[in-house]
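The block underneath contains the structure these notes are about, expressed in structure tokens.
All values derive from a computational prediction rather than experimental measurement.
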Amino acid sequence: MNDHLVIMAGGVGSRFWPMSTSILPKQFADVLGCGKTLIQLTYDRFRGVVPKENVWVVTSAQYASLVRQQLPEVQRQNILLEPCRRNTAPCIAYVSWRIKSQDPKANIVVSPSDHVVLDVPEFQRVIKSGLKFVSETDSIVTLGMKPTRPETGYGYIQADLSCATARNKEIYRVDSFHEKPDAETAERFIQRSYYFWNAGIFLWNINTIVNAFRIYQPEISRIFEDLLPIYGTSQEQSLINERFPLCDNISVDYAILEKADEIYVFPADFGWSDLGTWGSLLLNTERDIHGNACIGNNIITAETTNCIIHATQERKVIVQGLDGYIVAEKDNSLLICRLGEEQRIRQLTEQ
């Protein structure tokens, strides 16, 4: 009953234009065409891992109604609203002190809302094992994904695989974190077994993370510590609206993980992707014999290879003669462009 889930859902997530926009970010869109949005899939994969009353969502105030609509099982008081964007460290600090105010023995897993996991049973096993570990130690654990390709779009974790921890033989100490590499460096990383993709999924005990903020980010710590008497009261939102913008705009990686001593990685392999681009969606979706991923019930291809085609609004879509393209439609917008060029093309339309 002390295990909690925090879903971070405040990002603008508009890379999947025209399917997702700043008004409807990708976490609230049915990216996979399966009838559920990414945030709903995130919630579902934690069923049986944490009690539903211990699920928290931190999101932007402008997305509050979307969260309530898509996750009706989450208690209203567990949906925390950020008045502005300040990256992941203030987000995590706020929800940590909020949880501490009602459960001083909490163990927490923090997850983005817009990632994909293909092997849910293995994911749940890893999370349960990691939560047990952080409940028994003063450790911060991040999940490390075994790389399947020389990816330049992810950060990497370098692990010390020479000796596992005494309490869990699958968890190792982190040697260092590495920013998104260039292609040559990514190629070198994948040839070494001790580099892992940083999935941005974290586990810790509440006292471990609160103390880490007190030591490494005292200004952020003071903002939320001073609000302890008002959490859960009618004053909370107005004071958060006033104090939250005072926080530095900083990620939890820079703020805490790269500074703290007791940092560990749990290497895992459960079919993970952060779905950062249309190309990553292509890689993580079932493809036909020509390498095409077709998401929609009325799509026909001819002489077409290695394309991602997303058309779920019942229009008949016929694609002929393309190789390595995105074809995506939503409402009154249609995108047809080469894979990897979608952001540049969208910027042109906004000029």
**Asked** Would you call Glu122-Arg125 a salt bridge at under 4.0 Å N-O?
**Response**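 Looking at Arg125 together with Glu122, the answer is yes, because their closest N to O distance falls below 4.0 Å.
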**Request:** Determine, for Asp269 against Lys146, whether the closest basic-nitrogen to carboxylate-oxygen distance falls under 4.0 angstrom.
**Result:**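 Here Asp269 does not pair with Lys146 in a salt bridge, since their nearest N and O are not under 4.0 Å apart.
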So, for [X] and [Y], which heavy atoms are closest and what is the spacing to 0.1 Å?
X	Y	value
Pro90	Ile220	CG-CD1, 4.4 Å
Ile206	Pro104	CG2-O, 3.4 Å
Ser96	Val210	CB-CG2, 4.4 Å
Phe266	Gly130	CE1-N, 4.0 Å
Asp114	Leu275	O-CB, 4.2 Å
Ala106	Asn205	O-ND2, 3.1 Å

Atom [atom1] of [X]: over 12 foreign heavy atoms under 6.0 Å:
X	atom1	value
Arg76	CZ	no
Asn297	CG	no
Lys259	NZ	yes
Gln191	CD	yes
Tyr216	OH	yes

**Request:** Identify which one of Val252, Val110, Ile250 satisfies the side-chain contact (heavy atoms from CB on, under 4.5 Å) criterion when paired with Thr88.
**Result:**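 Answer after filtering Val252, Val110, Ile250: Val252.
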**Item:** side-chain contact (heavy atoms from CB on, under 4.5 Å), paired with His4, selected from Val95, Asn54, Asn78
**Value:**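 Filter result, single survivor: Asn54.
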Is any side-chain heavy atom of [Y] closer than 4.5 Å to one of [X]?
X	Y	answer
Pro112	Asp274	no
His290	Thr301	no
Trp17	Lys330	no
Val67	Phe28	yes
Ile240	Tyr94	yes
Arg86	Pro245	yes
His310	Phe16	no
Arg338	Tyr325	yes

Heavy-atom donor-acceptor pair, [X] side chain to [Y] backbone, under 3.5 Å:
X	Y	answer
Gln27	Ala9	yes
Glu236	Gly232	yes
Thr42	Leu38	yes
Asp103	Ile99	no
Ser113	Met8	yes
Thr21	Ile23	yes
Gln313	Asp331	yes
Arg167	Val134	no
Thr208	Trp204	no
Asn211	Asn207	yes

Under a single-linkage definition using a 4.5 Å side-chain heavy-atom cutoff for Ile, Leu, Val, Met, Phe, Trp and Tyr, are [X] and [Y] assigned to the same hydrophobic cluster?
X	Y	result
Ile326	Ile309	no
Val317	Leu335	no
Val126	Ile201	yes

**Prompt:** Tyr154 pairs by ring-ring contact (aromatic ring centres under 6.0 Å, His included) with which of Phe196, Phe177, Trp197?
**Reply:**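 Running ring-ring contact (aromatic ring centres under 6.0 Å, His included) over Phe196, Phe177, Trp197 with Tyr154 returns exactly one hit, Trp197.
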Point-to-point distance, once rounded to the nearest 0.5 Å, from [atom1] of [X] to [atom2] of [Y]:
X	Y	atom1	atom2	value
Tyr43	Ser111	OH	OG	13.5 Å
Trp278	Leu339	CH2	CG	10.0 Å
Asp119	Arg45	CG	CZ	11.5 Å
Thr37	Leu24	OG1	CG	9.0 Å
Ile7	Leu80	CD1	CG	12.0 Å

**Message:** Distance alone, cut at 3.5 Å: any donor-acceptor contact between the side chains of Gln40 and Asp44?
**Reply:**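 No, no side-chain donor-acceptor pair sits under 3.5 Å.
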**Item:** Polar side chain donor-acceptor pair, Ser129 to Asn168, under 3.5 angstrom
**Value:**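 Short answer, yes.
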**Request:** For the residue pair Tyr195 and Phe189, categorise the inter-ring angle as parallel (less than 30°), tilted (30 to 60°) or perpendicular (more than 60°).
**Result:**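 Ring orientation, 0 to 90° scale: parallel.
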**Request:** Check the angle between the aromatic planes of Phe224 and Trp97 and answer parallel, tilted or perpendicular using the 30° and 60° thresholds.
**Result:**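 Correct class here is parallel.
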**Request:** Just do the side chain to side chain contact (heavy atoms under 4.5 Å, CB included) check on Thr312 and Asp30 with the steps written out, would you?
**Result:** CA-CA 9 Å; Thr312 59; Asp30 181 7; 5.9 Å; no
**Request:** Check step by step if side-chain hydrogen bond (donor to acceptor under 3.5 Å, both in side chains) holds for Thr304 and Asn292.
**Result:** CA-CA 8 Å; Thr304 292; Asn292 301 310; 5.7 Å; no
**Request:** Report the hydrophobic cluster partners of Met1, with the cluster defined as I, L, V, M, F, W, Y residues connected by side-chain heavy atoms closer than 4.5 angstrom, directly or transitively.
**Result:**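 So far as hydrophobic clustering goes, Met1 is joined with none.
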**Message:** Running the 4.5 Å side-chain criterion over Ile, Leu, Val, Met, Phe, Trp and Tyr, what cluster does Ile318 land in, apart from itself?
**Reply:**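 Grouped by the 4.5 Å side-chain rule, Ile300 form the rest of the cluster around Ile318.
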**Request:** Check the pair Thr305 / Asp323 against side-chain hydrogen bond (donor to acceptor under 3.5 Å, both in side chains), numbers first and verdict last.
**Result:** CA-CA 5 Å; Thr305 54; Asp323 180 20; 2.8 Å; yes
**Message:** Using the rule given for side chain to side chain contact (heavy atoms under 4.5 Å, CB included), can you reason through Val31 versus Met19, listing the C-alpha separation, both sets of side-chain angles and the distance that settles it, and then say yes or no?
**Reply:** CA-CA 8 Å; Val31 173; Met19 181 182 57; 3.6 Å; yes
**Request:** Please lay out, stage by stage, how Arg188 and Thr185 fare under the test side chain to side chain contact (heavy atoms under 4.5 Å, CB included).
**Result:** CA-CA 5 Å; Arg188 190 169 70 250; Thr185 304; 3.6 Å; yes
**Request:** Dump the intermediate steps for side-chain hydrogen bond (donor to acceptor under 3.5 Å, both in side chains) on Glu262 and Tyr264, then the final yes or no.
**Result:** CA-CA 7 Å; Glu262 297 300 310; Tyr264 296 87; 2.8 Å; yes
**Request:** Take Leu203 and Leu143 through the test side chain to side chain contact (heavy atoms under 4.5 Å, CB included) and record every step on the way to the result.
**Result:** CA-CA 8 Å; Leu203 303 99; Leu143 299 192; 3.8 Å; yes
